[in-house]
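Reading through the structure tokens given below for one structure.
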There are 2 protein chains.
Amino acid sequence: MAQEIPGYDYGDESLPEAPYDEEDLEKLQAAVLFDEGDEEALREAGEVLEPQIEEILDLWYDFVGANDHLVYYFTDGEGNPDEEYLDRVRARFGQWIRDTCNPPYDQEWLNYQYEIGRRHTREKKNRTDDADAVSHIHARYLIAFIYPITATIREFLENGEHSEEEVEAMFHAWFKSITLQVTLWTQPYVRAGDW
Amino acid sequence: MAQEIPGYDYGDESLPEAPYDEEDLEKLQAAVLFDEGDEEALREAGEVLEPQIEEILDLWYDFVGANDHLVYYFTDGEGNPDEEYLDRVRARFGQWIRDTCNPPYDQEWLNYQYEIGRRHTREKKNRTDDADAVSHIHARYLIAFIYPITATIREFLENGEHSEEEVEAMFHAWFKSITLQVTLWTQPYVRAGDW
Ligand code: HEM
Ligand code: HEM
């Protein structure tokens with residue numbers, strides 16, 4: 001998969017080591033009440049979501065596209081979206097749904113979380129795709145997106161063969177994982193020592 | 001209420017103006033899909049939660065108390081919790097549930113969000129209560145707590161006279177508001193210009 005998706009560098013040896021390790025991860029997982037039941041629920045969620053990935057991405061891209069102050073981050077700052085950039089990121093976003101649903105998470109996964117975080121900031125944004133777009137995504141929207149990225153997944157989880165109780169378990173596992181990941185992605189934004 | 005709760009300074013003229021205004025708030029509300037229906041649902045939630053505030057706080061304090069790496073922030077860093085500090089913060093935490101359920105949110109509310117954010121950081125932590133505790137709450141746990149503070153409220157929302165659909169609406173309004181507030185609280189943590 002890695003070779004097929006431009007710019008998808010999960011597991012790549014050239015990536016920097018994340019400034020957090022598996023011990024940090026365990027403590028964060030305790031803070032979001034993430035346990036082995038959630039890992040199992042996420043793997044099930046992965047099966048339910050796989051055939052719906054394009055629909056999910058349509059919904060998310062439509063939401064971003066409907067808000068000038070959000071689609072802004074895919075533009076040159078003067079109203080011109082970089083279409084190739086939008087497409088290339090979309091493919092990696094789809095793969096990220098798969099990766100989210102493929103725990104347990106380990107140091108290699110943490111290293112790619114760090115990379116994803118940096119790709120949202122002025123340190124690394126645009127570089128992967130040689131994009132012609134504004135240089136930084138403000139932390140406020142990265143964190144705020146925990147809501148839409150969590151809430152919108154529920155209807156897709158309901159489209160499987162699972163009971164209401166199982167859907168609820170998958171939804172909560174997804175919510176925990178999104179909160180955990182966005183938390184990890186904010187590290188490059190925060191003042192030294194404060195994260 | 002303000003006079004009765006030590007250190008609760010909502011609306012106090014000595015508070016600094018927040019570095020975000022109502023226009024920023026509107027854009028963030030769009031990002032979390034927060035609208036007037038959510039304001040109404042939160043006001044209903046306030047009525048359901050009011051008689052249960054002590055129980056909610058018991059649950060949250062038990063959760064923090066059960067995790068050494070979380071209760072740490074109420075200690076001197078050597079395992080000794082500051083009990084008076086825990087108590088005084090608890091009273092303000094209860095009032096915060098009421099304030100969360102009392103939208104619409106305005107500039108005065110934003111100013112207090114900024115104050116709450118700062119009180120979690122080395123800029124302002126401990127000062128309100130003259131507490132003898134570690135000097136800073138790491139951003140990672142502030143953001144991670146979106147999950148437990150959201151998920152645990154649901155059972156309390158179910159204890160009212162509301163239909164399953166209304167409970168769901170109150171739950172989502174709460175989830176949006178928590179995400180919004182934690183987003184605002186992270187401003188003092190983030191590098192200049194990056195928030
Ligand atoms: C919960 C919040 C978010 C999630 C889950 C998310 C997910 C992702 C993923 C998976 C990628 C590709 C990572 C890779 O290169 O492999 C990505 C990149 C990107 N995202 Fe986000 N994102 C979030 C918030 C935002 C927000 C708020 C914006 C702005 C509206 C945004 C805009 C972008 C852009 C422009 C890129 C490309 C960055 C680059 O130049 O490499 N994202 N995001
Ligand atoms: C969703 C996340 C959180 C919420 C909703 C929340 C809520 C609050 C509220 C309402 C206050 C009192 C504000 C006031 O002074 O009026 C407060 C203060 C405090 N919180 Fe949090 N909090 C969160 C995360 C955390 C975390 C992760 C910790 C550490 C385990 C923590 C520890 C404290 C402490 C020590 C204070 C007192 C700060 C001071 O010295 O003034 N909070 N919090």
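Below, read A as the first sequence line, B as the second, and so on, with proteins coming before strands; counting in each chain starts at 1.
- Inter-residue side-chain proximity for B:Leu42 and B:Glu39 is flagged as unmet; no heavy-atom pair is nearer than 4.5 Å.
- For chain B, no part of A:Tyr20 is nearby; none of its heavy atoms comes within less than 4.5 Å.
- Listed options A:Leu33, A:Val64, A:Ile137 were ranked by heavy-atom pairs under 4.5 angstrom with chain B; first place goes to A:Leu33.
- Using a distance-only test at 3.5 Å, with no hydrogens or angles considered, no donor-acceptor pair links the side chain of A:Asp62 to the main chain of A:Leu59.
- Counted by atom type alone, A:Gln107 and A:Asn111 present one or more donor-acceptor pairs between their side chains at under 3.5 Å.
- Here A:Val190 is the residue among A:Val190, A:Thr186, A:Leu70 with the most heavy-atom pairs under 4.5 Å with chain B.
- Classified by interplanar angle (parallel below 30°, tilted 30° to 60°, perpendicular above 60°), the ring pair B:Trp60/B:Phe93 is tilted.
- In this model, a donor atom of one side chain and an acceptor atom of the other lie less than 3.5 Å apart for A:Tyr85 and A:Asn126.
- Using non-hydrogen atoms only and a strict 4.5 Å limit, the part of residues 172-179 of chain A facing chain B consists of A:His172, A:Phe175, A:Lys176, A:Thr179.
- A distance-only check finds no donor-acceptor pair linking the side chain of B:Glu55 to the backbone of B:Gln52 [under 3.5 Å].
- The backbone N or O of B:Gly46 sits nowhere less than 3.5 Å from a side-chain atom of B:Arg98 that would complete a donor-acceptor pair.
- Of all the listed residues (B:Arg122, B:Gln187, B:His136), the one sharing the greatest number of non-hydrogen pairs under 4.5 Å with chain A is B:His136.
- Looking only at atom types and distance, the side chain of B:Tyr73 has a donor-acceptor partner in the side chain of B:His138 under 3.5 Å away.
- Residue-level contacts of residues 142-152 of chain A with chain B, in order of numbering, are A:Ile143, A:Ala144, A:Phe145, A:Ile146, A:Tyr147, A:Pro148, A:Thr150, A:Ala151; threshold 4.5 Å between heavy atoms.
- Using a distance-only test at 3.5 Å, with no hydrogens or angles considered, no donor-acceptor pair links the side chain of A:Asp76 to the main chain of A:Asp132.
- Within the 3.5 Å criterion, the main-chain N or O of B:Thr100 finds a donor-acceptor partner in the side chain of B:Tyr105.
- Heavy-atom distances place both the backbone and the side chain of B:Asp194 under 4.5 Å from chain A.
- The pair B:Lys27-B:Asp21 does not meet the salt-bridge criterion, since no charged nitrogen lies less than 4.0 angstrom from a carboxylate oxygen.
- With a 4.5 Å cut-off on non-hydrogen atoms, B:Phe34 does not touch chain A at all.
- For the 3.5 Å distance criterion, the side chains of B:Asp99 and B:Tyr8 qualify, holding a donor opposite an acceptor.
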